Amino acid sequence: QVQLLESGGGSVQSGGSLRLACVGPELTNSRYCMAWFRQAPGKEREGVAAFESDGTKSDGTTTYADSVKGRFTISQDNAKNTLYLQMNSLKPEDTGTYYCAADWSYVVCGLQQYYFGHWGQGTQVTVSS
């Protein structure tokens, strides 16, 4: 059973920053796709950012939702088995529960939920105006 553990959520004012972290299993030398999703109350879960790695280098291919481009940055540290989401210039509409997702046998690394077979429990982000 793959375990993904998110942390870093909290409450900030509009314009503030937070960094989320997701600790997962061994990432070194693994081809994988990991992503961040979020779900606001009464809304469907939506993809925020995805990171695809071929396991051979520290950088990878990133994908962002239009709503967060230029404000959020997804990155990873293979040595720490950790995926990050740096969130800057936060807005009230960024409020929600943020989930980490991962898959190793994926076909496409994107922002659709059905690409991912493993999920964390979520961490709450609240942005006040």
Side-chain angles (χ1 to χ4, degrees):
Q1 180 71 21
V2 173
Q3 288 190 328
L4 302 173
L5 182 61
E6 303 100 332
S7 64
S11 297
V12 296
Q13 291 192 327
S14 182
S17 298
L18 286 172
R19 189 176 79 156
L20 306 183
C22 171
V23 180
E26 176 71 41
L27 296 178
T28 305
N29 298 321
S30 297
R31 174 182 176 269
Y32 64 84
C33 176
M34 295 184 73
W36 289 97
F37 287 76
R38 67 186 181 190
Q39 187 167 21
K43 295 188 176 181
E44 294 187 355
R45 191 174 298 186
E46 62 174 353
V48 175
F51 186 99
E52 180 179 15
S53 173
D54 65 1
T56 63
K57 48 189 177 182
S58 59
D59 59 352
T61 302
T62 58
T63 303
Y64 295 94
D66 288 342
S67 60
V68 305
K69 283 180 181 177
R71 300 189 297 122
F72 291 10
T73 302
I74 189 171
S75 63
Q76 55 79 39
D77 185 335
N78 278 347
K80 296 181 179 180
N81 299 330
T82 301
L83 180 78
Y84 298 101
L85 184 68
Q86 178 66 44
M87 305 186 294
N88 298 328
S89 302
L90 282 162
K91 305 175 181 179
E93 52 262 45
D94 294 318
T95 294
T97 302
Y98 282 68
Y99 298 91
C100 176
D103 211 278
W104 285 261
S105 57
Y106 63 94
V107 174
V108 176
C109 185
L111 299 179
Q112 300 298 323
Q113 297 185 59
Y114 51 76
Y115 292 146
F116 298 91
H118 307 282
W119 293 83
Q121 295 300 307
T123 185
Q124 179 66 35
V125 171
T126 303
V127 185
S128 57
S129 57

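The structure displayed is predicted, hence computed values, not measured ones.
Asp103 pairs by the side chain to side chain donor-acceptor pair (under 3.5 Å) definition with Ser105, not counting sequence neighbours. Not counting sequence neighbours, the partners of Phe116 by the ring-ring contact (aromatic ring centres under 6.0 Å, His included) test are Phe37. For Lys43, the side chain to side chain contact (heavy atoms under 4.5 Å, CB included) partners are Ala40, not counting sequence neighbours. Residues passing the side chain to side chain contact (heavy atoms under 4.5 Å, CB included) test with Glu44, sequence neighbours excluded: none. Residues forming a side chain to side chain contact (heavy atoms under 4.5 Å, CB included) with Ala50 (at least two apart in sequence, or on another chain): Ala35, Thr63, Cys109, Leu111. By the side chain to side chain donor-acceptor pair (under 3.5 Å) test, Glu93 pairs with no residue at all, sequence neighbours left out.
Under 4.0 Å is where a charged nitrogen must lie from a carboxylate oxygen, and between Asp66 and Lys69 at least one such pair does.
Using a 4.5 Å cut-off on side-chain heavy atoms (C-beta onward), Val68 and Met87 make no contact.
Under the 4.5 Å side-chain heavy-atom criterion for grouping Ile, Leu, Val, Met, Phe, Trp and Tyr, Trp36 is connected to Val2 within one hydrophobic cluster.
Listed by first and then second residue, the side chain to side chain donor-acceptor pair (under 3.5 Å) pairs that reach into residues 4-19 are Ser17-Asn88, sequence neighbours excluded. The salt bridge (Lys or Arg N to Asp or Glu O under 4.0 Å) analysis of residues 111-129, with sequence neighbours excluded, yields no pairs. Within the structure, ring pair (Phe, Tyr, Trp, His ring centres under 6.0 Å) contacts touching residues 79-106 (residues at least two apart or in different chains) are Trp104-His118.
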For residues 121-129, run the donor-acceptor check on the side chains, cut-off 3.5 Å, and write out each pair with its distance to 0.1 Å, sequence neighbours left out.
residue : atom : partner : partner atom : Å
Thr123  : OG1  : Gly9    : N            : 3.2
Gln124  : OE1  : Thr97   : OG1          : 2.9
Gln124  : NE2  : Gly96   : O            : 3.4
Gln124  : NE2  : Thr126  : OG1          : 3.4
Ser128  : OG   : Val12   : O            : 3.4

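Rounded to the nearest 0.5 Å, atoms CZ (Arg38) and CZ (Arg45) are 13.0 Å apart. Between atom CZ of residue Phe72 and atom OG1 of residue Thr62 there is a gap of 14.0 Å, rounded to the nearest 0.5 Å.
A donor-acceptor distance shorter than 3.5 angstrom exists from the side chain of Tyr64 to the backbone of Ile74, with no hydrogens or angles considered.
Counting non-hydrogen atoms of other residues, nucleotides and ligands closer than 6.0 Å to CD of Glu26 gives a total above 12.
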Self-check item: Verdict with supporting geometry, Cys22 and Met34, side chain to side chain contact (heavy atoms under 4.5 Å, CB included)
Solution: CA-CA 10 Å; Cys22 171; Met34 295 184 73; 4.1 Å; yes
